[in-house]
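Before any comments, here is the structure.
From a predicted model like this one, the values you see are computed outputs, not experimental measurements.
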Amino acid sequence: MTEQVTIIGAGIVGICCALSLQERSIPVRLIDRGEPGQETSFGNAGVVSPWSIIPQAVPGIWKKLPRMLLDPKSALSVRTSFWPKMIPWGMRFLGKSDEGSVREVSDAMEILCRPSIDLYRRHLQGTGHEDLIADSYYIHAFRNPEEADLDGLGYLIRREKGGELERVDGTELRRLEPALSEEFKAAIVIKGQARAISPGRLGAVLAEKARAQGAEFVRSEVTKLTRNEEGNWQLATLQNTLHARQVVLAAGVWSADLLRPLGLSVPLVAERGYHVEFPSPSAVLNNSIMDVDAKVVASSMQGGLRVAGTAEFGSVDAPADPRKEKILIDQAKSLVPDLNTEEAQFWMGRRPSFPDSLPAIGPLDGKDGLYAAFGHSHYGLMMAPKTGELVADLMSDRSPNINLDPFLLARF
């Protein structure tokens, strides 16, 4: 019998790793302190976009950062106590903002994002919940029509890679999305997309499929990762010590704390994101909508209309900033004027972000049996299924037939 693989972290990445390993007849055990798929995976905007292949660092962003940081309503903020860690991370971030770097990173992002819809539908097959992934457009809405430029670098790269994009005026935008504010005068419509109509439910359903296929789920928190004299891994938890020969580290931003005692210091930060969800919205969006000015994404879901966004850099354990709730509610009303904002539900999660917008995937040098699958930043929902495929291929001695160098932790 093939030896069991232990996965630390049962978010959407860990769950997809488990399903892909099971498809290769490898038994799995997942360890998480919470319910599967209900941490960072739960709160995203639901976009499943094969064309979300543009990194956060782009040419000219350095000009915009000071204004964004000084605006209290901006999507970007940094906790005062976090600046000592933020400055070196930010310098690496800006070092990747030239066009050549953007194109290189985009090529790597494409590997992970392009197959996302098909892989999710394969994983959902037979669960009875195939409708959790719905066909959709991803609409980038602009108040200033001149900014809706198909020749802008991000849209140009998508088109060069085969993406179907269309620029529409305000009239056509309102035909697609009648509930959207008339302030928006143009949009770029990215076609061939999908959306998760309940990201939390998606995680729960896929976790239940893995469980039904024999996956073991352990509700606990791994506090330390060490190797014994035989070369096996010891996982200290709050209850006991577990043992494994092969381990996948898919613990999101908490992965860095487990690697540090092993002599690995990684530039992984908590990029905290927020959402508000309106359970009785009195308005419906047909697709996923990005307000390009506010940098928030709105989508109608099973639980109501959700508006998600912001990038707040701070300590992973710092409490949520209550001011973000009003900002997001105001932005939601600006997007959808007829929105019923009563009973808004406020949420905060922690994206694990590297400065180049790429995750760490693959074996760790000098740590036999330990594999990385973390650091997916804004793109975790899109990148999770292919990450699972790559990890499973590596652990079953199959050649992924792609260049994994952009994802190796050794790049830092």
query = How are the rings of Trp347 and His275 set relative to one another: parallel (under 30°), tilted (30 to 60°) or perpendicular (over 60°)?
reply = parallel
Is the backbone of [Y] close enough, under 3.5 Å, to the side chain of [X] for a donor and an acceptor to pair up by distance?
X: Gln125; Y: Arg121; value: no
X: Gln38; Y: Pro36; value: yes
X: Thr387; Y: Met383; value: yes
X: Ser255; Y: Ala251; value: yes
X: Arg174; Y: Phe184; value: yes
X: Ser357; Y: Pro55; value: no
X: Glu177; Y: Asn287; value: yes
X: Ser136; Y: Arg195; value: no
X: Thr310; Y: Glu312; value: no
X: Arg272; Y: Ala318; value: yes

Closest approach of [X] to [Y] (non-hydrogen atoms, all atoms of both residues):
X: Lys96; Y: Ser101; value: O-CB, 3.4 Å
X: Ser49; Y: Cys113; value: O-CB, 3.8 Å
X: Val189; Y: Leu176; value: CG2-CD1, 4.0 Å
X: Ser288; Y: Ser299; value: OG-OG, 3.7 Å

request  = Indicate yes or no: does Glu39 engage Arg350 in a salt bridge with an N to O separation below 4.0 Å.
outcome  = yes
request  = Could you tell me whether Phe313 and Trp89 have their ring centroids closer than 6.0 angstrom?
outcome  = yes
query = Between His140 and Tyr138, does the ring centre distance come in under 6.0 Å?
reply =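 Yes - the distance between ring centres of His140 and Tyr138 falls below the 6.0 Å cut-off.
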Any [X] side-chain heavy atom under 4.5 Å of [Y] side chain:
X: Met395; Y: Tyr371; answer: yes
X: Ile54; Y: Tyr155; answer: no
X: Leu30; Y: Glu216; answer: no
X: Ile139; Y: Ile190; answer: no
X: Asp291; Y: Val307; answer: no
X: Ser282; Y: Leu339; answer: no
X: Thr6; Y: Val28; answer: no

With a cut-off of 6.0 Å (strictly less than), are more than 12 heavy atoms of other residues, nucleotides or ligands near [atom1] of [X]?
X: Lys161; atom1: NZ; value: yes
X: Gln239; atom1: CD; value: yes
X: Phe142; atom1: CZ; value: yes
X: Asp365; atom1: CG; value: no
X: Lys73; atom1: NZ; value: no
X: Glu230; atom1: CD; value: yes
X: Gln302; atom1: CD; value: yes
X: Lys85; atom1: NZ; value: no

key: Passing candidate, side-chain contact (heavy atoms from CB on, under 4.5 Å) with Val48, options Ile117, Asp135, Leu202   =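 For Val48, the side-chain contact (heavy atoms from CB on, under 4.5 Å) test succeeds with only one of Ile117, Asp135, Leu202, which is Ile117.
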Pi-cation contact, [Y] with [X] (under 6.0 Å, within 45°):
X: Arg411; Y: Phe354; answer: yes
X: Arg159; Y: Trp51; answer: no
X: Arg227; Y: Trp233; answer: yes
X: Arg211; Y: Phe217; answer: yes

ask   = Do Ser77 and Lys324 pass the side-chain hydrogen bond (donor to acceptor under 3.5 Å, both in side chains) test, and can you show the C-alpha distance, the side-chain angles, and the key distance before you say yes or no?
value = CA-CA 11 Å; Ser77 61; Lys324 301 290 187 185; 3.0 Å; yes
inquiry  = If I take atom CZ from residue Arg219 and atom CG from residue Asp32, how far apart are they, to the nearest 0.5 angstrom?
reply    = 8.0 Å
inquiry  = To the nearest 0.5 Å, what is the distance between CZ on Arg306 and OG on Ser198?
reply    = 7.0 Å
key: Verdict with supporting geometry, Asn240 and Thr237, side-chain hydrogen bond (donor to acceptor under 3.5 Å, both in side chains)   = CA-CA 5 Å; Asn240 54 14; Thr237 76; 3.2 Å; yes
ask   = Checking salt bridge (charged side-chain N to carboxylate O under 4.0 Å, His left out) for the pair Arg103/Glu160: CA distance, chi angles, key distance, verdict?
value = CA-CA 11 Å; Arg103 288 184 173 277; Glu160 289 173 352; 2.7 Å; yes
key: salt bridge (charged side-chain N to carboxylate O under 4.0 Å, His left out) assessment of Glu389 paired with Lys386   = CA-CA 5 Å; Glu389 289 288 282; Lys386 185 61 177 181; 5.7 Å; no
